[in-house]
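Below: the structure, in structure tokens.
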Amino acid sequence: MNNTHQRTRRSLYSFLLLCRVCAVMAFAQIETGTIVGTVSDATGAAMPGVKVEIRSAATGVVTTLTTNDAGRYQSPPLKPDSYEIAAAIQGFKTTKATLVLEVNQRTGLDLKLEAGAVTDSVTITDATPLLETENSTLGNVRSEKAVADLPLNVRNFAFLITLAPGLKN
């Protein structure tokens with residue numbers, strides 16, 4: 001009876017440990033990104049109180065922000081997508097830019113406003129920089145086709161972590 005009780009207890013402890021490890025792995029997954037930046041005028045002076053709108057290309061959802069006293073803005077966590085960012089304030093031309101936000105990416109996008117009538121607008125098209133300057137986290141994004149084409153014996157997503165650079169097998 002005592003031996004059976006010990007085996008049951010060990011099995012319970014093993015199960016609880018497994019649940020805890022799985023929970024930690026689940027919390028480590030980040031599926032969003034953020035957009036940060038500064039809005040300045042043509043002379044480079046920071047512009048507080050500028051209305052910044054971030055529009056998702058896929059869903060059309062608009063997130064509206066206002067720059068702080070230093071002219072900086074930061075979006076809430078956003079789903080990976082193509083976004084159009086527009087900055088506007090009275091007496092300046094509206095400036096627009098587009099970018100593609102990836103998983104676990106913190107992309108910096110600085111906008112410059114030019115003096116002009118409210119009806120004027122400036123559109124900036126710029127690719128996302130390849131160098132991550134906003135934080136020191138490492139990320140690895142694989143497209144759906146790249147994952148489907150992988151020569152895996154077992155179709156288990158957990159094996160994909162071994163493909164990240166810097167990890168030993």
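- Taking the side chain as every heavy atom from C-beta outward, Val36 and Tyr73 never approach each other to under 4.5 Å.
- Interatomic distance, Ile54 CD1 to Ile85 CD1, rounded to the nearest 0.5 Å: 6.0 Å.
- At least one side-chain heavy atom of Leu65 sits less than 4.5 Å from a side-chain heavy atom of Pro76.
- Heavy-atom minimum distance, Ala87 versus Leu113: O-CD2, 3.5 Å.
- Pairs passing the salt bridge (Lys or Arg N to Asp or Glu O under 4.0 Å) check and including a residue from residues 40-57, sequence neighbours excluded, read Lys51-Glu53.
- Annotation: side chain of Val52 is not in contact with side chain of Thr64 (no heavy-atom distance under 4.5 Å).
- In this view, Thr66 satisfies the side chain to side chain donor-acceptor pair (under 3.5 Å) rule with no residue, not counting sequence neighbours.
- Between atom OG of residue Ser40 and atom CE of residue Met47 there is a gap of 8.5 Å, rounded to the nearest 0.5 Å.
- Looking at Asp110, its side chain never comes within 3.5 Å of a backbone N or O of Gly37 through a donor-acceptor pair.
- The two residues Ala70 and Thr38 make their nearest non-hydrogen contact at O-CG2, 4.1 Å.
- The side chain to side chain donor-acceptor pair (under 3.5 Å) check on Thr34 picks up nothing, with sequence neighbours excluded.
- Side-chain atoms of Thr98 and Lys96, non-hydrogen and from C-beta on, never get closer than 4.5 Å to each other.
- Counting heavy atoms from C-beta on, the side chains of Thr63 and Leu78 come closer than 4.5 Å.
- To the nearest 0.5 Å, atom OG1 of residue Thr94 and atom CD of residue Glu114 are 11.5 Å apart.
- In this structure, the side chains of Leu99 and Ile35 come closer than 4.5 Å at one or more pairs of heavy atoms.
- Considering only heavy atoms from C-beta on, Leu101 stays 4.5 Å or farther from Pro80 through its side chain.
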Working for side chain to side chain contact (heavy atoms under 4.5 Å, CB included), residues Val103 and Gln105
CA-CA 5 Å; Val103 173; Gln105 183 181 30; over 6 Å; no
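- Using modelled atom types, one side-chain atom of Thr67 and one backbone atom of Gly49 make a donor-acceptor pair closer than 3.5 Å.
- Expressed to the nearest 0.5 Å, how far CG of Asn104 lies from CD of Glu31 amounts to 11.0 Å.
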